[in-house]
Amino acid sequence: SCVHPSVEQLLSEAEAKVEQWPDSTLALLYHQPVDEWSAEQRARCALLMTQASHRMRKAGLFGDTLIDVAVDYYSQMDKPSRYQGRAFFYQGIRREFRGDIEGAVSSLLKARQALSSVDDPHFLGMTFERLGDIYYTQQLYERALDCYQKSYPYKLRTSKPPHQVWMLKNIATCHRLLQQADSAEV
């Protein structure tokens, strides 16, 4: 397939900005002529726009349309990739946002599987955290605890101290709810 270097450069620039400047990422990608792009480029653009809208706390900005483009493309890949894992992660977030808890868990488990095969500790930590949060709200504290404990080492590698402390609080809370007070002490 024909790949335009300028499109790849644009997508790389957007990816470099998305975590810190999600509004700039959306501005960069929003008016692009994506109909002229390859399916892979459109999927990556859709994923980046979904990620940017999530970072801006506007998860409903594009509905499911964008993440569906990314998931449709990346779910066809035989080999797991960080983009595939991230697409399933954001699909899980969208499903949870709509109240489809079973669908959210299914997508997040697919994200976990894909992200476990590649080096993406930030998103793997966030995936375990989201699963833990869902299990916690369902009062499945043992499952929540397991997910929070799996998230914590990734948070140590990729997050700021307040996020690490928050994960320790989640772990301690689960221990307390499971009446494991000795384990809840830090």
Side-chain angles (χ1 to χ4, degrees), residues 11-12 14-23 25 43-44 46-59 66-67 70-71 74-75 77 79-98 100-178 180 183-186:
L11 291 171
S12 293
E15 189 168 348
K17 290 181 176 183
V18 71
E19 284 294 314
Q20 195 164 5
W21 299 291
D23 52 337
T25 300
R44 191 166 161 207
L47 179 58
L48 287 166
M49 290 180 73
T50 299
Q51 185 175 348
S53 65
H54 177 76
R55 294 282 304 154
M56 293 171 60
R57 305 217 187 291
K58 297 181 179 182
L66 284 176
I67 197 56
V71 168
Y74 291 115
S75 63
M77 302 292 108
K79 185 178 175 187
S81 72
R82 66 186 171 132
Y83 298 128
Q84 182 186 64
R86 290 175 181 192
F88 284 127
F89 173 80
Y90 285 112
Q91 181 185 53
I93 297 293
R94 284 292 309 149
R95 288 177 167 179
E96 183 184 7
F97 180 77
R98 287 194 334 257
D100 177 9
I101 301 304
E102 189 175 314
V105 169
S106 174
S107 295
L108 290 167
L109 290 173
K110 289 177 185 176
R112 182 192 68 189
Q113 183 177 354
L115 294 167
S116 294
S117 302
V118 297
D119 186 32
D120 198 342
H122 178 66
F123 271 85
L124 193 53
M126 289 194 313
T127 300
F128 279 119
E129 181 180 8
R130 290 304 316 143
L131 281 166
D133 291 346
I134 290 171
Y135 292 141
Y136 182 88
T137 60
Q138 301 292 307
Q139 297 181 352
L140 299 170
Y141 302 124
E142 287 182 16
R143 284 186 183 179
L145 175 62
D146 181 57
C147 289
Y148 291 146
Q149 288 174 327
K150 288 178 178 168
S151 177
Y152 184 66
Y154 298 110
K155 294 288 182 180
L156 284 175
R157 288 176 55 193
T158 64
S159 298
K160 295 177 180 160
H163 296 256
Q164 298 166 9
V165 171
W166 186 259
M167 194 54 50
L168 287 174
K169 182 203 79 67
N170 289 346
I171 291 168
T173 300
C174 287
H175 279 299
R176 184 182 53 78
L177 291 167
L178 292 167
Q180 301 169 345
S183 299
E185 295 177 12
V186 178

**Prompt:** Are Lys110 and Gln84 close enough, and set up right, to give a side-chain contact (heavy atoms from CB on, under 4.5 Å), and what steps lead you there?
**Reply:** CA-CA 9 Å; Lys110 289 177 185 176; Gln84 182 186 64; over 6 Å; no

**Request:** Would you sort out whether Gln180 and Leu145 count as a side-chain contact (heavy atoms from CB on, under 4.5 Å), showing the intermediate values?
**Result:** CA-CA 11 Å; Gln180 301 169 345; Leu145 175 62; 4.1 Å; yes

**Prompt:** When rounded to the nearest 0.5 angstrom, what distance separates CG in Leu156 from CG in Leu168?
**Reply:** 7.5 Å

**Asked** What distance separates Tyr90 OH from Leu48 CG, expressed to the nearest 0.5 Å?
**Response** 9.5 Å

**Message:** Distance check, rounded to the nearest 0.5 Å: Ser106 atom OG versus Ile101 atom CD1?
**Reply:** 12.5 Å

**Nearest-0.5 Å distance, CZ of residue Arg157 to CG of residue Leu124** = 9.0 Å

**Request:** Evaluate side-chain contact (heavy atoms from CB on, under 4.5 Å) for Phe123 paired with Gln51, printing each intermediate quantity in order.
**Result:** CA-CA 11 Å; Phe123 271 85; Gln51 185 175 348; 3.6 Å; yes

**Prompt:** Nearest 0.5 Å, what's the CD-CG distance between Glu96 and Asp133?
**Reply:** 7.5 Å

**Request:** Work out which heavy atom in Pro80 is nearest to a heavy atom in Val118; give both atom names and the distance.
**Result:** O-CG1, 3.8 Å

**Prompt:** Going from CZ on Arg86 to NE2 on His54, what distance comes out if it is rounded to the nearest 0.5 angstrom?
**Reply:** 12.5 Å

**Request:** May I have the step-by-step check of side-chain contact (heavy atoms from CB on, under 4.5 Å) for Met167 and Gln149, ending in yes or no?
**Result:** CA-CA 8 Å; Met167 194 54 50; Gln149 288 174 327; over 6 Å; no

**Set of residues satisfying side chain to side chain contact (heavy atoms under 4.5 Å, CB included) with respect to Ala144, sequence neighbours excluded** = Tyr135, Tyr136, Tyr148, Cys174

**Prompt:** What do you reckon, is CD of Gln113 surrounded by more than 12 foreign heavy atoms closer than 6.0 Å?
**Reply:** no

